[in-house]
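Right, one structure below, let's go through it.
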Amino acid sequence: LLKDIFKFENLKKPEILLPIDPTIETGYQFFTIGSNEIWNEIFINYGWQKNLDNFKFFLNAVEPNTNVFFNVSHLGGYQILSTKRQNVQQLLIKENIQKKDNEILINDVSKKALNVFGVKYLISTKPINSSGFTEINRISKEKNSFYLYENDNPKEKFQLYYDYLLINHLSDYLNAFRDSDIQNVVFVENPLNLANNEEPGSGTFSVLNFNEKKVKLSVNTPKEALLLFNNSYNPDWHVKVDNRVESLIKANINSQAVIVPQGSHEVEFYYFPKQFYLGITISILSLILSIAFILKLEGFKFRTLGLVK
């Protein structure tokens with residue numbers, strides 16, 4: 001079965017994604033609602049052994065971690081140990097979605113969260129009956145269906161903010177998303193040496209280089225601002241402003257940001273797992289020392305036996 005599943009032709013782009021322009025898709029997130037019900041019905045009741053066609057149909061859910069086969073960024077993740085930030089992020093969305101018999105309702109808190117986290121496309125198993133989402137594709141097999149919706153107001157990968165709200169605890173995010181205007185406010189978890197500006201700024205930026213481990217931007221702002229990178233927070237990510245290392249700020253639950261001074265600057269976010277490289281260095285040094293010790297020990301044996309002078 002696994003051999004059949006992972007054949008190249010069985011992992012081609014799912015039909016549900018065909019209307020999406022890959023160039024528009026880049027930089028935005030996907031989110032899936034309700035697919036576990038279809039999975040459970042087919043897998044538990046019938047299994048996949050004689051249902052490969054159903055499995056291929058299920059790939060239209062673009063669930064984690066099958067999304068990596070299709071070069072699609074998904075807000076969720078299928079992992080053994082998720083971080084507390086990921087749990088809060090997922091809870092904020094899922095707890096504010098109602099799954100009814102024939103429709104799905106998304107309330108304002110969940111809408112705000114989907115917008116802030118840059119979710120442009122939603123895949124659901126029932127029609128979404130809430131404003132702000134436009135159906136762009138639908139496919140069905142027997143009694144199961146997948147719907148593809150486009151979110152009308154997703155935030156882009158990078159944003160400049162001039163106003164922020166201090167969050168004292170992860171649990172406070174629920175109130176913040178319910179009561180705050182997310183269009184012009186970013187949420188941070190530590191006091192900043194940055195004046196709050198309720199008036200929106202007029203800064204601009206352009207992406208100079210973008211890949212999985214390094215992002216470089218040119219930023220121009222008339223006053224001090226927060227540049228948000230809508231990417232999962234990880235302490236192995238670092239940031240430089242004009243080639244000077246700056247502090248990475250935890251923002252919007254699971255994103256990262258940096259303070260950019262007034263004027264024109266070059267900002268670089270880069271991924272450098274220090275512990276990983278430290279581990280490699282220690283391993284290499286241990287290997288070298290072990291080889292040196294073995295060679296020295298062997299030389300001592302040869303001298304003892306009179307084989308070398």
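Values in this document were obtained by computation on a predicted structure and should not be read as measured data.
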* Any chain of hydrophobic side-chain contacts (each under 4.5 Å) joining L166 to Y161? -> yes
* To do: Go through the steps to decide whether I182 and F187 satisfy the test side chain to side chain contact (heavy atoms under 4.5 Å, CB included), and finish with yes or no.
  => CA-CA 9 Å; I182 63 167; F187 306 130; 4.2 Å; yes
* Asked: How far does OH of Y121 sit from CD1 of I20, to the nearest 0.5 angstrom?
  -> 5.0 Å
* **Straight-line distance of T66 OG1 to L59 CG, nearest 0.5 Å** => 6.0 Å
* To do: Please test E224 against Q262 for side chain to side chain contact (heavy atoms under 4.5 Å, CB included), starting from the C-alpha separation and ending with a verdict.
  => CA-CA 5 Å; E224 202 172 34; Q262 177 185 2; 5.5 Å; no
* Any side-chain donor paired with an acceptor under 3.5 Å for E63 and T32? -> no
* Would you please say whether a donor-acceptor pair under 3.5 Å links the side chains of Y28 and E150? => no
* To do: Could you tell me whether a side-chain N or O of N175 sits under 3.5 Å from a main-chain N or O of D172, the two making a donor and an acceptor?
  => no
* So, are E266 and K240 salt-bridged, with charged N and O less than 4.0 Å apart? -> no
* Asked: How about N220 and S264: does a side-chain donor come under 3.5 Å of a side-chain acceptor?
  -> yes
* Got a sec: does the CD of Q90 have more than 12 other heavy atoms crowding it under 6.0 Å? -> yes
* Asked: Hey, does the Lys NZ or Arg CZ of R85 hover above the aromatic six-ring of Y233, less than 6.0 Å from the centre and inside 45° of the axis?
  -> yes
* Is a donor on one side and an acceptor on the other found under 3.5 Å between the side chain of D179 and the backbone of A176? -> no
* Same apolar cluster (I L V M F W Y, side chains within < 4.5 Å links), L18/F146 -> no
* Distance in Å, Y149 OH paired with I136 CD1, rounded so as to fall on 0.5 Å steps -> 10.5 Å
* Mind telling me whether F229 and F158 have parallel, tilted or perpendicular rings, with 30° and 60° as the class edges? => parallel
* To do: Using the side chain to side chain contact (heavy atoms under 4.5 Å, CB included) rule, take V186 and N252 through it: C-alpha gap first, then chi angles, then the decisive distance, then the call.
  => CA-CA 6 Å; V186 62; N252 286 356; 3.6 Å; yes
* To do: Give a yes or no answer on whether the side chain of N230 reaches the backbone of V116 with a donor-acceptor pair at less than 3.5 Å.
  => yes
* Distance-only, no hydrogens or angles: does the D236 side chain make a donor-acceptor pair with backbone N or O of Y271 under 3.5 Å? -> no
* To do: Give the ring-plane orientation class for H74 versus F31, where under 30° counts as parallel, over 60° as perpendicular and anything between as tilted.
  => tilted
* **Side-chain donor/acceptor of K112 to backbone N/O of F177, under 3.5 Å** => yes
* Is I33 reachable from L105 through a run of hydrophobic residues whose side-chain heavy atoms are each under 4.5 Å from the next? -> no
* Please determine if K214 forms a cation-pi arrangement with F269, meaning its NZ or CZ atom is less than 6.0 Å from the six-membered ring centre and no more than 45° off the ring axis. => no
* To do: Test W237 against Q256 for side chain to side chain contact (heavy atoms under 4.5 Å, CB included), laying out the working first.
  => CA-CA 9 Å; W237 275 94; Q256 46 204 15; 3.6 Å; yes
* To do: Report yes or no: do N115 and N153 form a side-chain donor-acceptor pair below 3.5 Å?
  => no
* Asked: Would K223 count as a cation-pi partner of Y162, with NZ or CZ less than 6.0 Å from the six-membered ring centre and within 45° of the ring normal?
  -> yes
* Measure from the side-chain N and O atoms of S130 to the backbone N and O of I106, and report whether any donor-acceptor pair falls under 3.5 Å. => yes
* Hey, does the side chain of N67 reach the backbone of V72 with a donor-acceptor pair shorter than 3.5 angstrom? -> yes
* Sidechain-backbone polar pair: Q86 side chain, T83 backbone, donor-acceptor under 3.5 Å -> yes
* Is there a path from V239 to L208 through hydrophobic residues (I, L, V, M, F, W, Y) whose side chains come within less than 4.5 Å of each other? -> no
* To do: Taking N96 for its side chain and L92 for its backbone only, find out whether a donor-acceptor pair lies under 3.5 Å.
  => yes
* Asked: Atom NE2 of H238 and atom CZ of F272: how far apart are they, to the nearest 0.5 Å?
  -> 7.0 Å
* Asked: More than 12 non-hydrogen atoms from neighbouring residues, nucleotides or ligands closer than 6.0 Å to CG on N102, yes or no?
  -> no
* Structure fact -> Taken to the nearest 0.5 Å, the spacing of K56 NZ from K141 NZ works out to 9.5 Å
* Value rounded to 0.5 Å, distance of CZ in R138 from CD in E15 -> 13.0 Å
* Asked: Between S110 (side chain) and I93 (backbone), is there a donor-acceptor pair under 3.5 Å?
  -> yes
